[in-house]
Protein chains: 2
Amino acid sequence: MSPRNGLDLHTVLQAAAEMADSQGLDEITLASLAQKLDIKSPSLYNHVNGLPGLRKKLAVYGLDQLLDVMTRAAVGQSGAAAVHAISEAYISFARTHPGLYDATLRAPDAADTEIQKVGGDIVDLAVRVLHAYDLKGDAAIHVVRGLRSLLHGFASLEQRGGFGLLLDLDVSFRLLIDTFLAGIEAMKQNSETIAKPEL
Amino acid sequence: MSPRNGLDLHTVLQAAAEMADSQGLDEITLASLAQKLDIKSPSLYNHVNGLPGLRKKLAVYGLDQLLDVMTRAAVGQSGAAAVHAISEAYISFARTHPGLYDATLRAPDAADTEIQKVGGDIVDLAVRVLHAYDLKGDAAIHVVRGLRSLLHGFASLEQRGGFGLLLDLDVSFRLLIDTFLAGIEAMKQNSETIAKPEL
DNA sequence: TTATATTAACTAATGATATTAGTTTTATCA
DNA sequence: TGATAAAACTAATATCATTAGTTAATATAA
């Protein structure tokens, strides 16, 4: 295929992801990555458009994996169980791949087409999973925004050690999802009985 | 006071915060900050322990302000209104000071005493505000963790352009808080009638 | 008022980094 | 076998953070 058998992009991203997970996203420099790959740093420009380009590709690489684990967690599940399943998959990914997860959210340009694409796929998955809650009109989008906020917020704070260690984090997490789902049900009741609550 | 009338730490942090808000946290370099302050970059070491020291002090500076606006929003409020008040204050701070807000969460060392202190004060405020919900035992801590996750997640995703622009973000946000509060009420009902739901 | 001590500024130097330009090597394909 | 294309390389530059050592200014003590 290629006129020369060097590294391929996947190898580069895999190495970068490993570095990010073990040492933190900010420790990835072209110099350190090149050293890990046994090449000189300018050679990386054959695979990636400088440091910003690497960060962007790493973000897409991470989002692809996140979508994958969430999708697989969702199959065969429905209703509350499905929401829990994708949520656990999300948080588990963030825990197992802290640096890569970080990369998905610190992309140089969030408006990038490729990133929007995968991000949209994840949102679509969430919409499908929440379909069982039979949300009318805009409500589905609002609820997906809420679920994303909660998942990302929990993952991010946990990663940064923002929570004390007094209480089991898994309990907090499951309770948070349950509370959110109970809230959706309760709000639905309200909107059926009363026209407009107070919002 | 001082044997020489140079800059003081507050001026340095104020300038850094302005830079962070207008250009992003990562654009703060000792070189660029020094230029803004009309000094040479090594002079900054008289005020701050290098770049990591600057980032840490900026984090504390931001957390102090965040605690302040949240505290002031809470006075005279109670129950759901109080939760909404501190939540709006939180999100408003993140919107008005995107770079400084970022700094509060990307401190070099989250375990730092000073950061833990202010962070703890914010948690205490949230606990007091949620006191009206009469949560028993560990529940209060779990709920505060949940609220923080919501707030940070929403603020962070909004800042990174993670949400589409189809729907009003303020509506999503208020709905999210309402859903969470409705969930707390619903969960409370359950735990009163049933011994252990399924969790 | 004057001298001293303290502090904040400075210059100079070093090492690491990203990035660009231009060159060499090597595998594939005609 | 030879041309091509891709991926490595070397060399060079600019920007940083950081350290060491120096100079200047000011509050306080004499």
Side-chain angles (χ1 to χ4, degrees), chain A residues 1-61 99-100 102-103 106-109 112, chain B residues 1-61 99-100 102-103 106-109 112:
Chain A
M1 291 225 123
S2 169
R4 175 128 183 215
N5 246 357
L7 299 170
D8 64 344
L9 181 58
H10 185 263
T11 309
V12 172
L13 292 179
Q14 200 167 359
E18 276 173 27
M19 282 192 59
D21 287 340
S22 60
Q23 303 166 31
L25 188 59
D26 293 320
E27 298 309 308
I28 298 184
T29 65
L30 293 187
S32 61
L33 178 58
Q35 192 174 17
K36 182 184 170 96
L37 291 166
D38 256 310
I39 57 173
K40 305 296 175 180
S41 63
S43 304
L44 285 170
Y45 285 76
N46 289 317
H47 303 283
V48 133
N49 197 4
L51 194 54
L54 172 66
R55 293 201 173 124
K56 188 210 122 179
K57 297 221 177 200
L58 201 56
V60 176
Y61 181 76
L100 191 53
D102 218 20
R106 282 175 53 195
D109 178 18
D112 177 89
Chain B
M1 286 223 130
S2 169
R4 174 127 185 217
N5 245 0
L7 299 170
D8 64 344
L9 180 60
H10 185 263
T11 307
V12 172
L13 292 179
Q14 200 167 357
E18 277 173 26
M19 282 193 59
D21 287 340
S22 60
Q23 303 166 37
L25 188 59
D26 293 320
E27 297 308 308
I28 300 183
T29 65
L30 293 187
S32 62
L33 179 57
Q35 192 175 16
K36 184 183 168 99
L37 291 166
D38 256 307
I39 57 173
K40 306 296 176 182
S41 63
S43 304
L44 285 170
Y45 285 76
N46 290 316
H47 302 283
V48 132
N49 197 3
L51 193 54
L54 172 65
R55 294 202 172 123
K56 188 210 123 178
K57 295 219 180 203
L58 200 55
V60 176
Y61 181 74
L100 190 52
D102 218 20
R106 284 174 51 194
D109 178 19
D112 177 271

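These values consider heavy atoms only, across backbone and side chains, with no hydrogens, waters or symmetry-generated copies.
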remark   = In 5'-to-3' order, the base (B), backbone-only (S) or no-contact (-) status of each nucleotide in nucleotides 8-18 of chain C, using a 4.0 angstrom heavy-atom cut-off, is BBBBB----SS

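The local environment of CD in Gln23(A) is crowded, with over 12 non-hydrogen atoms from other residues, nucleotides or ligands closer than 6.0 Å. When the shell of 6.0 Å around CD of Gln14(B) is examined, it contains more than 12 heavy atoms from other residues, nucleotides or ligands. Summarising the local packing, CG of Asn49(A) is surrounded by 12 or fewer heavy atoms from other residues, nucleotides or ligands at distances under 6.0 Å.
Residues Leu51(A) and Thr29(A) fail the side-chain proximity criterion, which asks for heavy atoms closer than 4.5 Å.
Sequence neighbours left out, the pairs with a member in residues 22-51 of chain B that pass salt bridge (Lys or Arg N to Asp or Glu O under 4.0 Å) are Glu18(B)-Lys36(B), Asp26(B)-Arg106(B).
Atom CG in Asp26(B) sits about 16 Å away from atom C1' in dT15(D), given to the nearest Å. We find that CG of Leu37(A) is positioned 13 Å from C1' of dA7(D), with the value rounded to whole Å.
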